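Everything numeric here is computed off the predicted structure, so don't read it as measured data. So that the names make sense, note that chain A is the first sequence line, chain B the second, and so on, each numbered from 1.
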Amino acid sequence: MKIATWNVNSIRVRLTHLLDWIEHEGPDLVSVQETKVADESFPKLNFTELGYSALYSGQKSYNGVAIFFKNDIVVEELEPPIFPDNQKRFIAVNMSGVDFVNVYVPNGSSVGSTKYQYKLDWLQVLIDWLKQRLKKNNKIVLMGDFNIAPADIDVHDVERWKDKILCSEGERNIFEQFKKIGFCDVYRYLHPCDRNFTWWDYRLNGFARNWGLRIDHILTSSVMTPVVTKIGINKSLRELDRPSDHALVWADLIT
DNA sequence: ATGTCGCTCGAGGAGCGA
């Protein structure tokens, strides 16, 4: 099966990009972040026409997540954990015994800010939830925009980003917590030396200069890691007119 | 290296978040 995760930065603006990619690739499951739309305005019908169902958890202006899957697949939506507030950043389903968890981790603004602490607190709630969930089901795929570049190889300019938001020690320590409870950063596992990125700032022509970071990830619980045969980053979506500032990350799984 | 995008409110452009 093929899965993907993409921060679309407004599903309404990126609707054609997303629909075209789904039609071309025929993925089984797609996770998106930053839909930026209330549930009553979600463009569900566009996906229905393509043969996909949608589950979404959104709010006006900010945040918002969704999962698309083929109409003939039966999924069960999972109850989210209790986060510090009601921002819409988590949606999860169980499909054929595997949990697919889609997250939009808070950005954190700047190291030491109130939003930074919120980011760390939010991630701790997620990790505690995963620990509990693993006791019931050890097949988990955790995917989304983590807003963390796990190591220096994931950063275009290490000196410029040193100790900055998305690269700080506190964020990287929390990312290590996912590994401690058994999760694998599959892109890095299958591509140990590749310096590739998933996000480039709109400002200062960041994409053309390849001033990027790898902050979008697919993490697998230990039993799911050998199930992933291929993983890649689709940068062509970042080259389109009016692109998202993120690339899409996809993976092939043995079914 | 204070840049650019998307959104809201509300009718033009400021303010927020990323």
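- Taking a heavy-atom distance under 4.0 Å as the criterion, the stretch of DNA chain B touched by chain A extends 5' to 3' from B:dA1 to B:dA18.
- Through chains of ILVMFWY side-chain contacts below 4.5 Å, A:F207 is grouped with A:F197, A:W200.
- With the nearest nucleotide of DNA chain B identified for both A:Y62 and A:S10, A:S10 has the one nearer the 5' end.
- A:D39 has no carboxylate O lying under 4.0 Å from a charged side-chain N of A:K88, or vice versa, which leaves the two without a salt bridge.
- Salt-bridge check for A:D72 with A:K70: failed, with every basic side-chain N at 4.0 Å or more from each acidic carboxylate O.
- Looking at heavy-atom distances under 4.0 Å, A:R209 makes no contact with the nucleic acid at all.
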Show the numbers, then the answer: is there a side chain to side chain contact (heavy atoms under 4.5 Å, CB included) between A:L134 and A:I140?
CA-CA 8 Å; A:L134 280 167; A:I140 303 181; 3.8 Å; yes

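- Residues of residues 200-208 of chain A that place a heavy atom closer than 4.0 Å to DNA chain B, in numerical order, are A:Y202, A:R203, A:L204.
- Going from the P atom of B:dG3 to that of B:dC7 covers 23 Å, rounded to whole Å.
- Of the residues in residues 147-172 of chain A, those lying under 4.0 Å from DNA chain B by heavy-atom distance are A:H156, A:R160.
- Nucleic acid contact for A:R238: none, since no nucleic acid atom lies under 4.0 Å from a heavy atom of the residue.
- With sequence neighbours left out, A:D245 forms a salt bridge (Lys or Arg N to Asp or Glu O under 4.0 Å) with no residue at all.
- Along DNA chain B, the nucleotide nearest to A:S61 and the one nearest to A:S109 differ in position, and the one closer to the 5' end is contacted by A:S61.
- A:M95 is listed as a side-chain neighbour of A:I73, based on a closest heavy-atom distance under 4.5 Å.
- Comparing the same atom, P, in B:dA1 and in B:dG12 gives a spacing of 37 Å after rounding to whole Å.
- For the C1' atom pair drawn from B:dG10 and B:dA14, the interatomic distance equals 12 Å after rounding to whole Å.
- A:L18 pairs in a side chain to side chain contact (heavy atoms under 4.5 Å, CB included) with only one of the listed residues (A:L248, A:L237, A:V32), which is A:V32.
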Could you go through the side chain to side chain contact (heavy atoms under 4.5 Å, CB included) check for A:Q87 and A:Y118 one step at a time?
CA-CA 11 Å; A:Q87 295 183 22; A:Y118 172 73; 3.5 Å; yes

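- Between A:E159 and A:K162 no salt bridge is recorded (no basic side-chain N to carboxylate O distance below 4.0 Å).
- The ring pair (Phe, Tyr, Trp, His ring centres under 6.0 Å) pairs that include a residue from residues 80-104 of chain A are A:F83-A:F90, A:F83-A:W122, A:F90-A:W129, where partners are two or more places apart or lie in different chains.
- The existence of a salt bridge linking A:D163 and A:R172 is excluded, since no basic side-chain nitrogen approaches an acidic carboxylate oxygen closer than 4.0 Å.
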